[in-house]
*Asks:* 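Got a structure here, written out as structure tokens. Questions coming.
Lettering follows sequence order; numbering is per chain, from 1. Treat the numbers as computed from the prediction; the structure is a model and nothing was measured.
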2 protein chains.
Amino acid sequence: MSHNKVVNGNKMPSSKEVALLAQVSQATVSRVFSGQTNIREQTRLRVLEAAEKLGYRPNAIARGLTLNRSNLIAIVSINVVNPHYNVMINKVADRIQKLAREPLYFVCSEEKKLDEIISQVLQYRVDGIIVLSAAVSTQMAAECEKIQIPVVVFNKYTVNNNIMTVCSDNVKAGWMAANYFHSKGYRNYAFIGSNTFLGTSKDRLRGFKDALFEKGIEKCEVQMVPYTYEAGGQAIREILSEEKKIDAVFCAGDMLALGAMDTIKYEYGLKIPEDIAVIGFDNIDAASWPPYSLTTFEQQIDKMLDTTFNYLSKKLNGEAISEGVELFECKIVERSSVL
Amino acid sequence: MSHNKVVNGNKMPSSKEVALLAQVSQATVSRVFSGQTNIREQTRLRVLEAAEKLGYRPNAIARGLTLNRSNLIAIVSINVVNPHYNVMINKVADRIQKLAREPLYFVCSEEKKLDEIISQVLQYRVDGIIVLSAAVSTQMAAECEKIQIPVVVFNKYTVNNNIMTVCSDNVKAGWMAANYFHSKGYRNYAFIGSNTFLGTSKDRLRGFKDALFEKGIEKCEVQMVPYTYEAGGQAIREILSEEKKIDAVFCAGDMLALGAMDTIKYEYGLKIPEDIAVIGFDNIDAASWPPYSLTTFEQQIDKMLDTTFNYLSKKLNGEAISEGVELFECKIVERSSVL
DNA sequence: TATTATAATGATAACGTATACATTTAGATA
DNA sequence: TATCTAAATGTATACGTTATCATTATAATA
């Protein structure tokens, strides 16, 4: 059938077959490929040559079984179209590879199903789990802790003894946004958040309202919508339609902000920032483009990743490091969507 | 030390431990969890109860070893910030999960290193490999074929007997773009492609030039730049700076097109489409936003994914299906960046 | 050369699962 | 009840690696 009859046509050769060809024991082959030192150069070469000839590659699955770890690190992310998000995922994947591990990628349609997904993840005996923008249940966190699998929740504020949480200080950012608006003379506020990232949006809203309260302002139009450009437009439409006079809108995501801006300009013929000022969140690429020039918040993603991976690698090396919540301050990137 | 002394504090229980508690053999536990039928309901429940009590989860790694397949499907993608791309990756991941497999995600910084990455992928004895926008070497393709691992190259035209290629008909799309421009009366052309997706860009350029040639037009300014918004701007700057009169530019990617458009409008004060018409590629979200309203090409991503996963699942089920190149036509989405 | 110390290698037992085969049990029939 | 058949379960082994321990080969020393 096959044109190739060498050894075992259709499956990858094992170390045993390499050993046979190189005339050494299987253990020696294993030693060569697990990078041990006590090997005579001559035999090492003979083994490598035999391996080359057979197209041998160590079986990571089998290795995982004996070592009781897979070298896999899971990324669990909610399924959302968000440029900022995809940048994050790529960065996370890259860091995992730099840790000499492989990213096992799980997409989670609804946050409700997160526990189910993690349960699946655990079947792979991953070395660690990074959850993006979703909350891990207390029960699941306890279970992971019990079997010594480090979990980092990234970009979602949760308090949980057993897991590491790395997150932006969203409450403070909201507070900063309000103060920034106020300092520029704006007085009639609106907030557009997303129910896709509900917790995060709520935190930003809380900080926003806190600051307004400090200034003696109670009124603030609030819309919570899906995280899309269109929904941003729809939200501002709701706000503007009912004769509610606002002159400043804080959007808990650039995508929402861009949708709102275009609606403000093209549907209502209003000027930004003269009629309405806008602040966004995430500083996605498009925020800096001339048609928008959106003032927005930048998160310290790289520093957050440093913390995440410092924690993970310490855990993986068995070094002591304690869990907790690590908050990072956001920075306003000033452009021209606010006076 | 630990507050929990049940069985084996810090590692996940095995089927053996479950068997012990349920007073059955390990084989029976295995049978319950691999969904076999010949099990008395009573014992099945006893096993499930014991498993529940111990927090047992089958070890996918060990299962992979015996079955000689991991249930993993690798996604190998080049590292690029491209919204269209991230949408694709999410869709691919989702389909993999629907196939009851898990996506193992590899990011490849340079296309040169693809073979190296695939070599790593193969260590995990993945059930299949999906390569996005990168070419697999003939040698590597042959190797994968030999060990019966199906490979699909998505979104990159390559001819290779051993792998399945699913790709848009880029040559034809380029040809369509030129004809579209020409039918609207434009006569002075430029092309901006990306060296990040060089092969794809070249194909689109070839079709574009072919059509121009048919019309008796030889001249066409060409720029090949990295796939970014900024590079798109820089490219059009190069084209416009040297007194080269052009009135139509075809960009092999929306990101490039948006960058070019903003530069045309805000730096040169020219009007789109009156002074210069623009066609993009991919139909990313931003292309439809009012400031751009970009006429662009839409790829039949879902149909392409259908073909990809139909091929994969047939291969995985051992059904016969032959490799080959499957091309999909692109569709122009007409907006107002062309007269 | 004989003796040691050390480096290199081999033999073997895990790791947790699935499965072929052997055995037991339960249900059906006479 | 005895017998037979089929279903349920148990036993034992293999999957490809790593690691421990035992053994052999090599180099260093007297």
*Asks:* Starting at CZ of A:Arg46 and ending at P of C:dA8, how long is that distance when rounded to a whole Å?
*Replies:* 14 Å
*Asks:* Which whole-number value in Å describes the distance from B:Ile61 CD1 to C:dA18 P?
*Replies:*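 That distance rounds to 13 Å.
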*Asks:* Using atom types as modelled, flag every donor-acceptor pair under 3.5 Å from a side chain in residues 316-328 of chain A to any protein atom, sequence neighbours excluded.
*Replies:*
{"unit_1": "A:Asn317", "atom_1": "ND2", "unit_2": "A:Ser313", "atom_2": "O", "d": "3.2"}
{"unit_1": "A:Glu323", "atom_1": "OE2", "unit_2": "A:Tyr311", "atom_2": "OH", "d": "2.6"}
{"unit_1": "A:Glu323", "atom_1": "OE2", "unit_2": "A:Lys315", "atom_2": "NZ", "d": "3.1"}

*Asks:* Map A:Arg44 and B:Asn59 onto DNA chain C by nearest heavy atom, then report which one ends up closer to the 5' terminus.
*Replies:*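 Its nucleotide being nearer the 5' end, the pick is A:Arg44.
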*Asks:* Can you tell me if B:Tyr56 touches the phosphate of C:dT17, counting only side-chain N or O atoms and a distance under 4.0 Å to OP1 or OP2?
*Replies:*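 For C:dT17, OP1/OP2 do have a side-chain N/O of B:Tyr56 under 4.0 Å.
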*Asks:* Which residues pass the salt bridge (Lys or Arg N to Asp or Glu O under 4.0 Å) test with B:Arg101, sequence neighbours left out?
*Replies:*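 Partners of B:Arg101 under the salt bridge (Lys or Arg N to Asp or Glu O under 4.0 Å) test: B:Asp127.
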*Asks:* Identify the heavy atoms of B:Pro103 and A:Leu104 that sit nearest to each other, and give their distance.
*Replies:* O-CD1, 3.5 Å
*Asks:* Please tabulate, one pair per line, all N/O donor-acceptor pairs under 3.5 Å involving side-chain atoms of residues 158-165 of chain B, not counting sequence neighbours.
*Replies:*
{"unit_1": "B:Asn160", "atom_1": "OD1", "unit_2": "B:Asn162", "atom_2": "N", "d": "3.2"}
{"unit_1": "B:Thr165", "atom_1": "OG1", "unit_2": "B:Thr158", "atom_2": "O", "d": "3.2"}

*Asks:* Just jot down the ring pair (Phe, Tyr, Trp, His ring centres under 6.0 Å) partners of A:Tyr56, sequence neighbours excluded, or say none.
*Replies:*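 Here the qualifying residues are A:Phe33.
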*Asks:* 5' to 3' on DNA chain D, which nucleotides open and close the contacts with chain B (atom under 4.0 Å from a heavy atom)?
*Replies:*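 Footprint of chain B along DNA chain D, 5' to 3': D:dA8 to D:dG16.
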*Asks:* Applying ring pair (Phe, Tyr, Trp, His ring centres under 6.0 Å), name anything that partners B:Tyr124, two or more places apart in sequence or on another chain.
*Replies:*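 Partners of B:Tyr124 under the ring pair (Phe, Tyr, Trp, His ring centres under 6.0 Å) test: none.
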*Asks:* Can you pull out how bent the helix from C:dT1-D:dA30 to C:dA30-D:dT1 is, comparing the axes over its first five and last five pairs, to 10°?
*Replies:* 40°
*Asks:* Calculate the interatomic distance between B:Arg57 atom CZ and C:dT17 atom P; express it in whole Å.
*Replies:*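 Rounded to whole Å, this separation is 12 Å.
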*Asks:* All N/O contacts under 3.5 Å from nucleotides 10-13 of chain C to the protein, with atom names and distances to one decimal?
*Replies:*
{"unit_1": "C:dG10", "atom_1": "OP1", "unit_2": "A:Ser25", "atom_2": "N", "d": "3.3"}
{"unit_1": "C:dG10", "atom_1": "OP2", "unit_2": "A:Ser25", "atom_2": "N", "d": "2.6"}
{"unit_1": "C:dG10", "atom_1": "OP2", "unit_2": "A:Ser25", "atom_2": "OG", "d": "2.8"}
{"unit_1": "C:dG10", "atom_1": "OP2", "unit_2": "A:Thr28", "atom_2": "OG1", "d": "2.6"}
{"unit_1": "C:dG10", "atom_1": "N7", "unit_2": "A:Arg31", "atom_2": "NH2", "d": "2.7"}
{"unit_1": "C:dG10", "atom_1": "O6", "unit_2": "A:Arg31", "atom_2": "NH1", "d": "3.4"}

*Asks:* Tell me whether A:Glu41 is salt-bridged to A:Arg44, with the criterion being a basic N under 4.0 Å from an acidic carboxylate O.
*Replies:* yes
*Asks:* Please report, rounded to the nearest Å, how far the P atom of C:dA18 is from the CG atom of B:Asn38.
*Replies:* 16 Å
*Asks:* When you measure from every atom of DNA chain D, which of residues 62-71 of chain A have a heavy atom less than 4.0 Å away?
*Replies:* A:Ala62, A:Arg63, A:Leu65, A:Thr66, A:Leu67
*Asks:* Return a table of donor-acceptor pairs under 3.5 angstrom between the side chains of residues 45-55 of chain A and protein atoms on other chains or two or more places apart.
*Replies:*
{"unit_1": "A:Arg46", "atom_1": "NE", "unit_2": "A:Ala22", "atom_2": "O", "d": "2.9"}
{"unit_1": "A:Arg46", "atom_1": "NH2", "unit_2": "A:Ala22", "atom_2": "O", "d": "3.4"}

*Asks:* Name all residues meeting the ring pair (Phe, Tyr, Trp, His ring centres under 6.0 Å) criterion together with A:Tyr85; count only those two or more places apart in sequence or in a different chain, and write none if there are none.
*Replies:*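 Counting only residues at least two positions away or on another chain, A:Tyr85 forms a ring pair (Phe, Tyr, Trp, His ring centres under 6.0 Å) with A:Phe197.
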*Asks:* Quick one: list whatever passes side chain to side chain donor-acceptor pair (under 3.5 Å) with A:Gln139, sequence neighbours left out.
*Replies:*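 With sequence neighbours excluded, A:Gln139 shows a side chain to side chain donor-acceptor pair (under 3.5 Å) to no residue whatsoever.
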